Participant: 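Below you will find the structure I want to go over with you.
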Amino acid sequence: MSPLSLDLSPDLFPALTEAQADPDGPGAHRPALRFGDRSLTYGELAATASPLAARVAEAGRIAVWATPTLETAVAVVAALLAGVPAVPLNPKSGESELGHIVSDSAPTLVLAAPGTQLPPALAALERLDIDTSAPATSLPSPGTSDPESPALIVYTSGTTGPPKGAVIPRRAIATTLDALADAWQWTGDDVLVHGLPLFHVHGLILGILGPLRRGGSVRHLGRFETAGVARELSEGATMLFGVPTMYHRIAETLPDDPALAKALARARLLVSGSAALPVHDHERIAQATGRRVIERYGMTETLMNTSVRADGEPRAGTVGVPLPGVELRLTEEDGTTAVEAYDGETVGEIQVRGPNLFTEYLNRPEATAAAFTEDGWFRTGDMAVRDPDGYVRIVGRKATDLIKSGGYKIGAGEIENALLEHPGVREAAVTGEPDADLGERIVAWIVPADPQSPPTVDELADHVARRLAPHKRPRVVHHLDALPRNDMGKIMKRALTHD
Ligand code: MCA
Ligand code: AMP
């Protein structure tokens, strides 16, 4: 383990505290957040977030309608200042997904941007509008001093059943962001650009809370577009965060866009994560810009585990070395015997331990217990090898029923259940297949209720998007007379191939 001392201080945002204490000081005038033409300095963020923090301080738990806007960032900062756990909601979630999250996490309030229409699944909740223009009317809220107290509850898919809420304590946020600061030489002078959604760890914790913890700033694109990346990197942004689909789209655009190549060449750090960035895209970007994208590896439950370091060798196809404070081991099939080899070929499951880990799955003690070994290692389900110098190379994952599409983790079982609720579907199985843009695309194999008029791909895609979320929709549908099953009646997904 690295000797880096980890700051477990309850003050997650020292620059914000400083701006609160000295509203006329130079720190208060530094930029903090920018979304399009709307922005807040640290002083303004303190002034808008602290009254909101005071208003939510008594709530047991709040939900945030996490549109990619300034309001979402302000609401989450306010919740953290108040010490009230926040549940970020995907604003594109369908009824059944939202209904599950709301009944599971039981927030007492939902925070949303003024004028936003909320769906019926949230009708029973008290609503509070996030006013980003409010002047400070109250003193800074006292907040919580307990690093173990829950900060965020982030929903993540498993292989079966509805998504589980990972309870992320303040301690994990502080330590993961400080470990990344060490690995990336990330400082308050950095200006981050990204267009990631704000209801997951990547976009919200790394992409919004990260710059704020450093006292730096973030410019959010609203939605990812290569033109926005080029503009911000040529106007002072120093770092880019993205999922592989975004870097793939950059690699596709580069040959016809010299301005994008020039902008990327100026960046201090280009970071990819959430899924593997194919070596082909690494190479195309390096060739066009002279810059290497570095990868880091994390998970909702563990926050960040490894990264290629800014001062290390950027090696395509690897996720670098364990971050300071993170213990990482590979285990054999029994899940407990450690693999000792650093030979670039012995495969084992990645298990991690450290202050970056979540506390539990909300209301799911059995799932929580199953996720850890007896001696406290978290089983990631990711399979990897280690190079002789410690670089980790992810080679696959244990569960074939988890699909990574566009950087989103999606459980096959969840989509199968949704498909089975469609009247035109008698049986359903879901698999992932390689996709150059998304990494994997979702494929549905269905036995139609009426073979004469099977449901179309659009119909099933709409059905899943409405119930769950658009990114969970099948992109391809195959119709079969029957699903291949073994003697036990279990669907044999390996036999699901089309020729
Ligand atoms: C299309 N759309 C539909 C339908 N079809 N909406 C409803 N019903 C339909 N049938 C809409 C979509 O909502 C979307 O709307 C637009 O059409 C295009 O959809 P799509 O092709 O699916 O997506 P895309 O816009 O091309 O998205 C690619 C993307 C996205 C931007 C790369 O996948 C993305 O943002 N990925 C990031 C995932 C992420 O952050 N993962 C982090 C979790 P509209 O255009 O209005 O949006 S992992 C994590 O946090 C761990 C810790 C880690 O390691 O990082
Ligand atoms: P999620 O559960 O949505 O937080 O996604 C976590 C999963 O994303 C991990 O278990 C990995 O399978 C995958 N992942 C994250 N970063 C990387 C990366 N750089 N390379 C390969 N896989 C990654």
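Indexing begins at 1, ligand by ligand and atom by atom, following the structure's order. In this text, all values refer to a predicted model and were calculated from it rather than measured experimentally.
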Participant: Between ligand 2 and Tyr297, is the shortest N or O to N or O distance under 3.5 Å?
Facilitator: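 No, there is no polar N/O contact under 3.5 Å.
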Participant: Under the salt bridge (Lys or Arg N to Asp or Glu O under 4.0 Å) rule, what do Glu97 and Arg467 come out as? Steps first, then yes or no, please.
Facilitator: CA-CA 6 Å; Glu97 183 165 289; Arg467 297 195 68 73; over 6 Å; no
Participant: Could you tell me which atoms of ligand 2, counted from 1 in the order shown, lie closer than 4.0 angstrom to a heavy atom of Glu295?
Facilitator: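 Per the distance check, 18 (C), 19 (N), 20 (N).
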Participant: Hey, looking at atom 5 (O) of ligand 2, which of His202, Lys404, Lys409, Met304 has the closest heavy atom?
Facilitator: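 Looking at heavy atoms only, the winner is Lys404.
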Participant: For atom 6 (C) of ligand 2, state which one of Gly298, Gly439, Ala166 supplies the nearest heavy atom.
Facilitator: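 Shortest heavy-atom distance from atom 6 (C) of ligand 2: Gly298.
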Participant: Please confirm whether His194 and Phe224 have ring centers closer than 6.0 angstrom.
Facilitator: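 Centroid separation for His194 and Phe224: 6.0 Å or greater.
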Participant: Can you pull out the closest protein heavy atom to atom 9 (C) of ligand 2? Residue, atom name and distance to 0.1 Å, please.
Facilitator: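 Ranked first by proximity to atom 9 (C) of ligand 2 is Asp382 OD2, 3.3 Å.
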Participant: Quick check on Glu283: does its CD atom have over 12 non-hydrogen neighbours (other residues, nucleotides or ligands) under 6.0 Å away?
Facilitator: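 Yes - once you tally the heavy atoms of other residues, nucleotides and ligands closer than 6.0 Å, there are more than 12.
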Participant: Please determine if Arg309 forms a cation-pi arrangement with Trp184, meaning its NZ or CZ atom is less than 6.0 Å from the six-membered ring centre and no more than 45° off the ring axis.
Facilitator: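 No, cation not above the ring by the 6.0 Å, 45° rule.
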Participant: Is the shortest heavy-atom distance from the side chain of Val193 to the side chain of Leu221 under 4.5 Å?
Facilitator: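 Val193 vs Leu221: side chains touch.
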Participant: May I ask you to check whether Phe378 and Tyr361 place their ring centres under 6.0 Å from each other?
Facilitator: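 They do not qualify: ring centres at least 6.0 Å apart.
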Participant: With atom 23 (C) of ligand 2 as the reference point, say which of Ser307, Ser272, Gly320, Ala275 has the nearest heavy atom.
Facilitator: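 Result: the heavy atom closest to atom 23 (C) of ligand 2 is in Ala275.
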Participant: Side chains of Arg441 and Val476: does their closest heavy-atom pair fall under 4.5 Å?
Facilitator: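 Result yes, sub-4.5 Å side-chain heavy-atom pair found.
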Participant: Donor-acceptor pair, Arg284 side chain versus Ile250 backbone, under 3.5 Å?
Facilitator: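 Checking the backbone N and O of Ile250 against the side chain of Arg284, no donor-acceptor pair under 3.5 Å is found.
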Participant: Mark up the atoms of ligand 2 that fall under 4.0 Å of a heavy atom belonging to Thr156, in ascending order.
Facilitator: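 The list of qualifying atoms is 2 (O).
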Participant: Return the protein residues near ligand 1 (heavy atom under 4.0 Å from any of its atoms), ordered by chain and residue number.
Facilitator: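 Protein residues near ligand 1 are Lys92, Leu196, Pro197, His200, Val201, His202, Arg223, Val243, Thr245, Met246, Arg249, Ser274, Arg296, Gly298, Met299, Thr300, Met304, Lys404, Gly406, Gly407, Tyr408, Asp462, Ala465, Pro470, Arg473, Arg475.
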Participant: Under 4.0 Å, counting heavy atoms only: does Arg296 come that close to any atom of ligand 2?
Facilitator: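 Flag set, Arg296 near ligand 2.
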Participant: So, does Asp334 use its side chain to make a donor-acceptor pair with the main chain of Thr336 at under 3.5 Å?
Facilitator: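 Answer holds: yes.
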Participant: Is there a side-chain contact between Val352 and Thr380 in this structure, where contact means two heavy atoms from C-beta onward sitting under 4.5 Å apart?
Facilitator: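 Yes, close enough: below the 4.5 Å cut-off.
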Participant: For atom 4 (O) of ligand 2, which protein heavy atom lies nearest, and how many Å away is it?
Facilitator: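 Of the protein heavy atoms, Thr300 OG1, 2.6 Å lies nearest.
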Participant: Counting distance only, does the side-chain N/O of Ser405 pair as donor-acceptor with the main-chain N or O of Tyr408 below 3.5 Å?
Facilitator: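 Absent.
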Participant: What protein heavy atom is closest to atom 16 (N) of ligand 2, reported as residue, atom name and distance in Å?
Facilitator: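 Checked against all protein heavy atoms, atom 16 (N) of ligand 2 sits closest to Ser274 N, 3.1 Å.
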Participant: Of the side chain and backbone of Ala276, name the one, both, or neither that has a heavy atom under 4.0 Å from an atom of ligand 2.
Facilitator: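 Answer for Ala276: both.
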Participant: At less than 4.0 angstrom from any non-hydrogen atom of Val319, what atoms of ligand 2 do you find?
Facilitator: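 With Val319 as reference, the close atoms of ligand 2 come out as 18 (C), 19 (N), 20 (N).
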Participant: Would Arg397 count as a contact residue for ligand 2, given that I'm defining contact as a non-hydrogen atom of the residue lying under 4.0 Å from a ligand atom?
Facilitator: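 No.
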Participant: Less than 4.5 Å apart, any side-chain heavy atom of Leu12 and any of Leu177?
Facilitator: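 Answer no - side chains too far apart.
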